[in-house]
Amino acid sequence: MSQYKGIIFILLSLLLSACQSSESESDAYGNFEAVVTTISAEANGKLLYLKVSEGEKIEQGEWVGLVDTTALHLQRKQIEASIRTLPQKLRNTLADIQVLEEQKDNLIRERDRVQRLKASKAATQKQLDDLNGQVDVLDKQIVALAQTTQTSNQAILSEKGPMLAQIAIVNEQIRKSYIYNPIKGSILTKLSEPHEMVGMGAPLYRIGQLDTLDLRFYVDAVQLQQLKLGQNITVKVDQGKKEYKQLSGRISWISTEAEFTPKTIQTKEDRVNLVYAVKAKVPNPNGLLKIGMPAEVDL
């Protein structure tokens, strides 16, 4: 009788082990990814200051670095000095016009005198016509001088607009020399150090948004029929040697094209099968999840 009990115990143990093994199998497997942004310099020069450390969390809009702006400040001063000299270049022809006006007044008095003499037959019409012609010439000279002066001064004053535009460009370059962190996240990699020469577009550091990670996993065509955007799933990550920690995720992206099973996910026999990539957003408030960490998915 005890022999039969032993056999029953063994069968029950095997059945329980099979059930546990079946329950422990997950529907899909994948790895965590993060949105990583490379922050680059927007100015040329020596990097005077860069206050970021790998693993540090920084806020959006936080000032983290500075590229040398000495040359830009000197360039702006030079342009401002040129603007201040513009009034000194303006032509002042008031004295010249006054001289012509006096000459005109003298000719008018002479013309009036000749006109009276002509009335008494003491002067000729030609003398009167000559004086009228000289008055007309002076009028034209006065008008021409005023117009020339106005045109010349307008050309000089028009130089101020482009100079102000140059100052605006320099101010924008100075603004871009101050490095502000554009997004909230954690510093993943520091790529530059203070006192190094950097150019526009040179990478300074990489930052990742680790509060929520993307879990990329793969499903076959049958599993794909069970999925839809916004669907909640259960994500399991290792906790200790044999335990799992369960987290909640939400499907955010489903590939529209099939691909061969990645080598790192499945066995050699299954690599020829076509699967679909899926991404799920998984909150990471305590920093438990890391980039590249494997995870299992229950749909």
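Because the structure is a prediction, the values reported are computed rather than measured. Note: hydrogens, waters and symmetry copies are ignored here, and every other heavy atom, side chains too, is used.
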Asks: Rounded to the nearest 0.5 Å, what separates atom NZ in Lys104 from atom CG in Asp136?
Replies: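 Going from the NZ atom of Lys104 to the CG atom of Asp136 covers 9.0 Å.
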Asks: Please check: side-chain N/O of Thr148 versus main-chain N/O of Leu145, any donor-acceptor pairing under 3.5 Å?
Replies: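 Checked: no pair found.
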Asks: Side chain of Glu62, backbone of Glu59: donor and acceptor closer than 3.5 Å?
Replies: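 At least one qualifying donor-acceptor pair exists.
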Asks: Does anything in residues 78-103 pair up under ring-ring contact (aromatic ring centres under 6.0 Å, His included), and if so which pairs, sequence neighbours excluded?
Replies: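 Qualifying pairs: none.
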Asks: Asp68 side chain to Lys46 main-chain N or O, any donor-acceptor pair under 3.5 Å?
Replies: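 No: the side chain of Asp68 does not pair with the backbone of Lys46.
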Asks: Is any side-chain heavy atom of Lys279 closer than 4.5 Å to one of Leu215?
Replies: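 Side chain of Leu215 against side chain of Lys279, heavy atoms only: no contact under 4.5 Å found.
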Asks: Between Gln223 (side chain) and Asp220 (backbone), is there a donor-acceptor pair under 3.5 Å?
Replies: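 Looks like yes, one N/O pair under 3.5 Å.
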Asks: Please check: side-chain N/O of Trp253 versus main-chain N/O of Ser255, any donor-acceptor pairing under 3.5 Å?
Replies: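 Answer holds: no.
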Asks: Check the angle between the aromatic planes of Tyr178 and Trp63 and answer parallel, tilted or perpendicular using the 30° and 60° thresholds.
Replies: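 Ring orientation, 0 to 90° scale: tilted.
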Asks: Taking Gly287's backbone N and O only, do any of them form a donor-acceptor pair with Lys290's side chain (distance below 3.5 Å, no angle check)?
Replies: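 Side chain of Lys290 to backbone of Gly287: a pair is present.
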Asks: Check whether any side-chain heavy atom of Tyr218 lies under 4.5 Å from a side-chain heavy atom of Val297, and answer yes or no.
Replies: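 The answer is no; the side chains never approach within 4.5 Å.
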Asks: With no hydrogens and no angle check, is any side-chain donor or acceptor of Gln147 less than 3.5 Å from a backbone partner on Ala144?
Replies: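 Pair absent, no side-chain N/O of Gln147 close to backbone of Ala144.
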Asks: Is it the case that the side chains of Asn132 and Arg111 hold a donor-acceptor pair, with the cut-off being a distance below 3.5 Å and no angle test?
Replies: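 There is such a pair (donor and acceptor under 3.5 Å, judged by atom type) between the side chains of Arg111 and Asn132.
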Asks: Take a 6.0 Å sphere around NE2 of His73 and say whether it holds more than 12 heavy atoms from other residues, nucleotides or ligands.
Replies: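 Atom NE2 in His73 is packed in, count exceeds 12.
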Asks: Applying side chain to side chain contact (heavy atoms under 4.5 Å, CB included), name anything that partners Asp211, two or more places apart in sequence or on another chain.
Replies: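 Side chain to side chain contact (heavy atoms under 4.5 Å, CB included) list for Asp211, sorted by chain: Lys184.
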Asks: Decide side chain to side chain contact (heavy atoms under 4.5 Å, CB included) for Arg76 and Asn171; before the verdict, give the C-alpha distance in whole Å, the side-chain angles of both, and the deciding distance to 0.1 Å.
Replies: CA-CA 8 Å; Arg76 184 172 63 184; Asn171 288 339; 2.7 Å; yes
Asks: As an exercise, state the distance from NZ of Lys51 to CD1 of Ile179, rounded to the nearest 0.5 Å.
Replies: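 The CD1 atom of Ile179 is 14.0 Å from NZ of Lys51, to the nearest 0.5 Å.
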Asks: When clusters are formed by joining ILVMFWY residues with side-chain heavy atoms under 4.5 Å apart, either directly or through shared neighbours, do Leu191 and Leu188 land in the same one?
Replies: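 The answer is no; the residues belong to distinct hydrophobic clusters.
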Asks: State the CD1-CD distance between Ile291 and Glu33, to the nearest 0.5 angstrom.
Replies: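 Between atom CD1 of Ile291 and atom CD of Glu33 there are 9.5 Å.
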Asks: For the side chain of Asn181 and the backbone of Gly61, is there at least one donor-acceptor N/O pair under 3.5 Å apart?
Replies: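 No, the answer is negative, given that no donor and acceptor are paired below the 3.5 Å cut-off.
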Asks: Crowded around Glu243 CD? As in, over 12 foreign heavy atoms under 6.0 Å?
Replies: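 Atom CD in Glu243 is not packed in, count stays at 12 or less.
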Asks: How about Leu72 and Ser177: do any of their side-chain heavy atoms sit closer than 4.5 Å?
Replies: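 They are in contact (side-chain heavy atoms under 4.5 Å apart), so the answer is yes.
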Asks: Please tell me whether Val52 and Leu210 are part of a single hydrophobic cluster in this structure, the criterion being side-chain heavy atoms less than 4.5 Å apart.
Replies: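 In one cluster: no.
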Asks: Are the side chains of Val135 and Ile108 in contact, using a 4.5 Å heavy-atom criterion?
Replies: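 Heavy-atom side-chain distance check passes, below 4.5 Å.
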Asks: Distance from Ile187 atom CD1 to Ile207 atom CD1, nearest 0.5 Å?
Replies: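 Atom-to-atom, Ile187:CD1 and Ile207:CD1 are 4.5 Å apart.
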Asks: For Tyr205, does the six-membered ring have the charged nitrogen or CZ of Lys190 within the cation-pi criterion, i.e. under 6.0 angstrom from the centroid and within 45° of the normal?
Replies: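 Checked: cation-pi criterion not met.
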Asks: Take atom CD of Glu257 as the centre, draw a 6.0 Å sphere, and report whether it contains more than 12 heavy atoms from other residues, nucleotides or ligands.
Replies: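 No, the 6.0 Å shell around CD holds no more than 12 heavy atoms from other groups.
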Asks: With the side chain counted from C-beta on, respond yes when Arg206 and Thr37 share a heavy-atom pair under 4.5 Å apart, and no when they do not.
Replies: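 With C-beta onward as the side chain, the pair stays apart.
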Asks: Keeping the roles fixed (side chain from Asp298, backbone from Thr234), state whether a donor-acceptor pair exists under 3.5 Å.
Replies: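 No, because the side chain of Asp298 does not come within donor-acceptor range (under 3.5 Å) of the backbone of Thr234.
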Asks: Are side-chain N/O atoms of Gln125 and Asp129 paired as donor and acceptor at under 3.5 Å?
Replies: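 Side chains of Gln125 and Asp129: pair found under 3.5 Å.
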Asks: Passes side chain to side chain contact (heavy atoms under 4.5 Å, CB included), Tyr276 versus Thr256? Steps please.
Replies: CA-CA 8 Å; Tyr276 295 84; Thr256 57; over 6 Å; no
Asks: Tell me whether the count of non-hydrogen atoms from other residues, nucleotides or ligands lying under 6.0 Å of CD in Glu110 goes above 12.
Replies: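 More than 12 heavy atoms, drawn from other residues, nucleotides or ligands, come within 6.0 Å of this atom.
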Asks: Could you check whether any side-chain N or O of Gln115 sits under 3.5 Å from a backbone N or O of Asp112, counting only pairs where one atom can act as donor and the other as acceptor?
Replies: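 It does not hold such a pair.
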